[in-house]
Amino acid sequence: MERCTCSKAGSAERTAGATLTQPNDSALVTIDLYPYVGETPPRAFRSWLTPNPLFYVRNHFSEPEIDLTSWSLSVEGSVSTPLSLTSGQIEAMPKHTVPVTLECAGNNRTDLEPAVPGNKFQCGAISTAIWAGVSLRNVLEQAGVGPGATEVLFEGADAGEPEPGYGQTPYLRSLPLEVAMHPDTLLTYEMNGEALAPEHGHPLRLIVPGWYAMSSVKWLRAIRVIDYSFEGFFQTDRYVINSGLRKPDPVTRMLVKSHINEPEHGQALSLGEHLVTGVAWSGSGRISNVEVSDDGGVTWRPARLDGPDHRYAWRQWCFSWTPSKPGHYTLMARAQDELGTWQPLEPDWNALGYAINGVMAVCVSVTG
Ligand SMILES: Nc1nc2c(c(=O)[nH]1)N[C@H]1C(S)=C(S)[C@@H](COP(=O)(O)O)O[C@H]1N2
Ligand SMILES: [Mo]
């Protein structure tokens with residue numbers, strides 16, 4: 001019995017009663033076909049780097065066809081020297097390499113009750129890769145950012161109608177100027193040492209470390225420096241958290257969160273020592289603590305942080321667990337980041353289902 005078990009804290013009955021499916025570990029778990037959306041199979045989480053073919057895919061429109069012979073990146077708007085850069089020119093600039101975990105803002109949307117519209121993501125809309133390219137800052141400095149600039153707008157080569165009646169639009173997202181100017185904000189052409197695959201944004205993709213992945217625009221074709229607040233569909237209709245009275249909050253940095261890799265939900269274990277393992281991440285900094293509970297969140301004990309420790313990538317952790325007697329157990333993990341923020345037991349429900357970071361529960365039975 002293996003299943004992606006991203007259930008909310010305390011809802012052991014719900015996960016126990018859910019249909020168990022057998023994900024194929026050598027392929028993405030398809031969520032939608034047109035446009036393609038696929039999750040990383042949970043077992044791939046056991047590898048710190050996600051193998052490229054298992055890196056989740058989330059497209060809003062069909063993948064654009066790009067003719068590399070005529071492709072160039074234009075840098076325009078409020079700049080002193082507009083640029084048009086070929087792949088060769090970009091690759092000749094100093095190379096910057098950063099491991100980054102990307103999580104879709106809608107990951108774990110199926111945890112929400114009542115249910116919300118949108119891709120029915122369980123826990124697989126997250127993956128980690130080593131990205132290589134050039135600092136966006138380097139390109140912006142070459143172009144010379146104008147004095148009144150406040151944001152930088154990124155345009156993908158993909159386009160379509162995001163919702164009936166809206167009209168055609170490319171995929172467009174903006175970033176505050178200071179985030180765009182951060183040296184680790186990258187224009188990437190490589191992923192885990194290989195050329196970017198078409199589905200991940202070949203020939204050039206923005207990577208915004210720490211932010212939910214809607215910001216990391218794929219198939220870049222234009223970068224525009226602007227002196228106003230961009231309000232396109234993917235900026236203000238989507239990727240906002242409507243909290244009722246106030247102006248909607250934009251979705252930005254990934255909230256602190258953890259995932260249990262093993263044991264798997266529904267697994268039968270024998271009495272004795274078992275390793276509970278998983279990953280934890282936060283867009284606001286390194287993970288400082290992970291704790292595990294075997295009694296449904298009543299008591300917690302510290303897990304050991306493990307594996308590579310990089311600012312923008314998930315951290316592996318493990319916990320040695322020796323259940324004292326046979327029975328049914330609800331295992332949970334919770335993470336804390338270096339700002340001191342703990343992952344909450346329950347996520348904040350919001351109408352579009354973004355930034356869902358409640359604790360995951362895994363139910364196991366132990367026999368003597
Ligand atoms: N041009 C473009 N960029 C895009 C998207 C898109 O549809 N078009 N989807 C965004 C969203 S919502 C996510 S979660 C990530 C997914 O990146 P991946 O498919 O490489 O995992 O790309 C982001 N960048
Ligand atoms: Mo996303």
Side-chain angles (χ1 to χ4, degrees), residues 3-11 14-15 18-19 21 23 28-40 42 45 56-61 101-127 160-164 166 171 173 208 210-217 231-260 265 280-284 314 332 334-335 341 343-361:
R3 182 171 183 269
C4 185
T5 51
C6 323
S7 54
K8 295 187 298 176
S11 58
R14 199 162 72 86
T15 45
T19 350
T21 53
L28 293 182
V29 181
T30 299
I31 302 289
D32 201 355
L33 277 176
Y34 309 105
Y36 186 78
V37 180
E39 288 196 1
T40 296
F45 286 26
Y56 83 94
V57 174
R58 198 293 187 228
N59 296 337
H60 287 83
F61 304 124
T101 294
L102 289 187
E103 182 184 20
C104 178
N107 194 26
N108 285 92
R109 185 176 278 132
T110 52
D111 286 2
L112 289 186
E113 281 170 29
V116 294
N119 283 302
K120 298 275 174 273
F121 286 122
Q122 296 199 34
C123 52
I126 176 166
S127 302
E161 197 167 35
E163 135 183 308
Y166 186 89
Y171 187 81
R173 286 273 315 174
V208 187
W211 283 51
Y212 282 108
M214 72 282 150
S215 308
S216 293
V217 178
E231 295 190 341
F233 184 85
F234 300 105
Q235 197 84 24
T236 58
D237 278 61
R238 291 294 186 275
Y239 304 113
V240 289
I241 296 188
N242 280 301
S243 36
L245 302 171
R246 286 180 295 124
K247 195 170 171 268
D249 290 320
V251 173
T252 59
R253 290 185 180 279
M254 298 185 291
L255 299 186
V256 59
K257 187 164 166 183
S258 60
H259 178 92
I260 298 174
H265 183 68
W281 65 96
S282 163
S284 295
W314 59 18
M332 293 176 174
R334 65 177 184 187
T341 311
Q343 177 184 4
L345 275 181
E346 296 285 341
D348 268 342
W349 187 96
N350 62 94
L352 296 172
Y354 296 130
I356 307 307
N357 71 330
V359 157
M360 166 178 176

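- Smallest separation of non-hydrogen atoms from Val359 and Arg334: CG2-CB, 3.9 Å.
- To the nearest 0.5 Å, atoms CG (Leu28) and OG (Ser127) are separated by 8.0 Å.
- Residues meeting the ring pair (Phe, Tyr, Trp, His ring centres under 6.0 Å) test with Tyr166, sequence neighbours left out: Phe233.
- Between Leu352 and Tyr354 the shortest heavy-atom distance is CB-CE1, 3.4 Å.
- A distance of 13.5 Å separates CG of Asn108 from NZ of Lys120, quoted to the nearest 0.5 Å.
- Taken from CG in Leu102 to CD1 in Ile126, the straight-line distance is 8.5 Å, to the nearest 0.5 Å.
- The two residues Lys257 and Glu103 have their closest heavy-atom pair at NZ-OE2, 2.6 Å.
- Note: Glu346 CD to Leu112 CG = 10.0 Å, rounded to the nearest 0.5 Å.
- Within the 4.5 Å cutoff, no side-chain heavy atoms of Val29 are placed close to those of Tyr56.
- For the atom pair CD of Gln122 and CD1 of Ile31, the computed distance is 7.0 Å after rounding to the nearest 0.5 Å.
- Contacts of Asp249 classified as salt bridge (Lys or Arg N to Asp or Glu O under 4.0 Å), with partners at least two apart in sequence or in another chain: Arg246.
- Partners of Glu163 by salt bridge (Lys or Arg N to Asp or Glu O under 4.0 Å), not counting sequence neighbours, listed by chain and number: Arg238.
- Annotation: Asp237, atom CG; neighbour count of heavy atoms from other residues, nucleotides and ligands within 6.0 Å is above 12.
- Across all their heavy atoms, Asn357 and Pro347 have their closest contact at N-CB, 3.8 Å.
- With sequence neighbours left out, the ring pair (Phe, Tyr, Trp, His ring centres under 6.0 Å) criterion links Tyr171 to His60, Phe234.
- Side-chain atoms of Ser284 and Val256, non-hydrogen and from C-beta on, never get closer than 4.5 Å to each other.
- Partner Asn350 forms a side-chain contact (heavy atoms from CB on, under 4.5 Å) with one of Val116, Val240, Ile356 and no other, that one being Ile356.
- Not one N or O on the side chain of Tyr239 forms a donor-acceptor pair closer than 3.5 Å with the backbone of Tyr212.
- Not a single donor-acceptor pair under 3.5 Å links the side chain of Glu39 to the backbone N or O of Thr30.
- Once rounded to the nearest 0.5 Å, the distance linking CG of Asn107 with CZ of Phe121 reads 7.5 Å.
- Taking both residues in full, the closest heavy atoms of Pro162 and Gly160 are given as CD-O, 3.4 Å, listed atom of the first, atom of the second, then distance.
- Residues satisfying the ring pair (Phe, Tyr, Trp, His ring centres under 6.0 Å) criterion with Phe45, sequence neighbours excluded, are His259, Trp314.
- The two atoms that bring Val251 and Ala105 nearest to each other are CG1-CB, 4.0 Å, heavy atoms only.
- Shown here are the salt bridge (Lys or Arg N to Asp or Glu O under 4.0 Å) partners of Arg109, two or more places apart in sequence or in another chain: there are none.
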